[in-house]
Amino acid sequence: MKQEQHTPYKKRSQMQEIARRFVRNKQAVVGLIMLMILILAAILAPVIAPYDPLKQDLLHRLKAPSAEHIMGTDELGRDIFSRILYGARISMTVGLIAVSISCVTGCVLGAIAGYYGGMLDNVIMRASDILMAIPSILLNISIVAALGSGLQNVMIAIGISSIPGYCRIMRASILSLRDQEFVEASRAAGAGSFYIIYHHILPNCLAPLIVQATLRIGSAILSCASMSFIGLGIVPPTPEWGAMLSSGREFLRDAPHLTTFPGLAIMFAVFAMNLMGDGLRDALDPKLKN
């Protein structure tokens, strides 16, 4: 008799398991699709945009949506659809760079505070408490007012205001890991502090940091729009969603499309990032075995 041959079971890798849980989350997949649409729109803006976003045509100002201008024109006759496409570039750039600034700085400070403790921990965390005590919008306004308006200064301001969140997450993760047996074994083998943090502690802290970064991109886009709305963000005539909202509010009664479409673009971007963040949080949680 022939013996039955059983195919050996291949255990999924950690990345495969995370991807499986992410794909099973329908909301997360929807958020990923929305994010990809936004990224493609930003990258392909010169190809997709039917008009120059800076070109003025005063003879066709405040035109309602039509076949010629699918989202209408603004108070200077510029095509709103083209400006929204180019504005996606600004918003995504601000979100990614501002989050990178805050994530890197916060992780470094949190690692130092959590691993070494003592006076360093006390100084870093008290400075973090001071930043957290100031409302983020007021802190952003103060920094931009001191540095001046512009894309670079807006990213710096938003990045600084977000540092305490990453710092606290990193510190809490290191406090729970620095006395673990694998860390003690590496320390006993003569490994230095940087090697232990980089090779042993940081990989075990990535999950909450990734989730925090994903969610903060949406918040950074909102903060940039808020700064531009009050006139302290992106300098005109650069197309930016918050600035478009600010300039369109004067024509809210006669031409509501000036504020409707930029507002929908902001909502679309933030909603996509929030869905992605929630999906990553569930996928990276080892307690979920669905």
Side-chain angles (χ1 to χ4, degrees), residues 18 31-32 34-36 38-43 45 86-114 124 127-128 131-132 134 136-137 139-144 146-174 194 197-199 201-228 232-234 238 240-242 266 269-281 283-284:
I18 291 173
L32 178 61
M34 294 172 65
L35 179 62
M36 293 304 298
L38 186 64
I39 293 174
L40 288 175
I43 294 174
Y86 278 88
R89 290 183 160 192
I90 301 295
S91 296
M92 294 304 296
T93 300
V94 170
L96 292 174
I97 295 182
V99 167
S100 298
I101 292 172
S102 57
C103 184
V104 172
T105 307
C107 287
V108 171
L109 294 176
I112 294 173
I124 291 174
S128 177
L131 287 178
M132 293 187 70
I134 305 173
S136 58
I137 184 64
L139 183 59
N140 292 339
I141 291 173
S142 301
I143 296 173
V144 173
L147 299 179
S149 301
L151 178 62
Q152 181 178 353
N153 294 336
V154 169
M155 292 188 293
I156 292 173
I158 296 174
I160 291 175
S161 65
S162 303
I163 287 176
Y166 296 97
C167 184
R168 285 186 171 275
I169 291 175
M170 190 67 178
R171 176 179 178 271
S173 299
I174 286 184
F194 178 80
I197 293 174
Y198 185 77
H199 288 277
I201 295 180
L202 185 59
N204 291 282
C205 304
L206 285 180
L209 290 174
I210 291 174
V211 174
Q212 175 75 358
T214 306
L215 294 173
R216 283 302 303 175
I217 290 176
S219 299
I221 292 174
L222 273 179
S223 298
C224 178
S226 301
M227 297 295 293
S228 298
L232 291 175
I234 309 303
T238 303
E240 199 277 328
W241 296 338
I266 295 172
V270 175
F271 186 58
M273 297 310 305
N274 287 342
L275 288 179
M276 276 280 295
D278 290 340
L280 284 174
R281 179 190 60 200
L284 292 170

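Basis for what follows: all heavy atoms, side chains included, without hydrogens, waters or symmetry-related copies.
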Can you measure from CD1 (Ile39) to CG (Leu35) and round to the nearest 0.5 angstrom? 4.0 Å
Please list all pairs passing the side-chain hydrogen bond (donor to acceptor under 3.5 Å, both in side chains) test where one or both residues lie in residues 151-161, with sequence neighbours left out. Asn140-Ser161
Heavy-atom pair with the smallest gap, counting every atom of Ala269 and Trp241: CB-CZ3, 3.9 Å
Would you please name every residue forming a side chain to side chain contact (heavy atoms under 4.5 Å, CB included) with Leu32, sequence neighbours left out? Phe22, Met36, Met276
Distance in Å, Ile143 CD1 paired with Leu147 CG, rounded so as to fall on 0.5 Å steps: 7.0 Å
What do the steps show when you test Val94 against Ile221 for side-chain contact (heavy atoms from CB on, under 4.5 Å), and what is the final call? CA-CA 7 Å; Val94 170; Ile221 292 174; over 6 Å; no
Can you list the steps and then say if Tyr166 with Val99 is a side-chain contact (heavy atoms from CB on, under 4.5 Å)? CA-CA 10 Å; Tyr166 296 97; Val99 167; 3.5 Å; yes
I'd like to check the side-chain hydrogen bond (donor to acceptor under 3.5 Å, both in side chains) partners of Arg89; sequence neighbours left out, ordered by chain and number. none
In terms of heavy-atom contacts, Gly110 and Ile174 come closest through O-CD1, 4.3 Å
If every non-hydrogen atom of Ile169 is compared with every non-hydrogen atom of Pro208, which pair is closest and at what distance? CG2-CB, 3.9 Å
Rounded distance (nearest 0.5 Å) linking atom CD1 of Ile101 with atom CD1 of Ile160: 8.0 Å
Under the salt bridge (Lys or Arg N to Asp or Glu O under 4.0 Å) test, which residues partner Arg216, sequence neighbours left out? none
Sequence neighbours excluded, which residues qualify as side-chain hydrogen bond (donor to acceptor under 3.5 Å, both in side chains) partners of Ser102? none
Within the structure provided, determine whether Ile158 and Cys224 are in side-chain contact (heavy-atom separation under 4.5 Å). yes
Is there side-chain contact between Thr93 and Met155, with at least one heavy-atom pair below 4.5 Å? yes
Of all pairs that satisfy salt bridge (Lys or Arg N to Asp or Glu O under 4.0 Å), the ones with a partner from residues 164-173, not counting sequence neighbours: Asp121-Arg171, Asp129-Arg168
d(Leu232 CG, Ser226 OG) to nearest 0.5 Å is 11.0 Å
Using side-chain contact (heavy atoms from CB on, under 4.5 Å), reason through Ile124 and Cys167 one step at a time and then give a plain yes or no. CA-CA 9 Å; Ile124 291 174; Cys167 184; 3.8 Å; yes
Kindly give the heavy-atom pair with the smallest separation between Glu240 and Ser91, and that separation in Å. OE2-OG, 4.2 Å
Over all atoms of both residues, closest heavy-atom pair of Val144 and Val154: CG2-CA, 4.3 Å
Calculate, to the nearest 0.5 Å, the distance between atoms CD1 and CE belonging to Ile43 and Met92 respectively. 9.0 Å
Inter-residue atom distance Cys103.SG - Ile217.CD1, 0.5 Å rounding: 10.0 Å
Quick one: closest heavy-atom pair of Gly31 and Leu275, and the distance? CA-CB, 3.7 Å
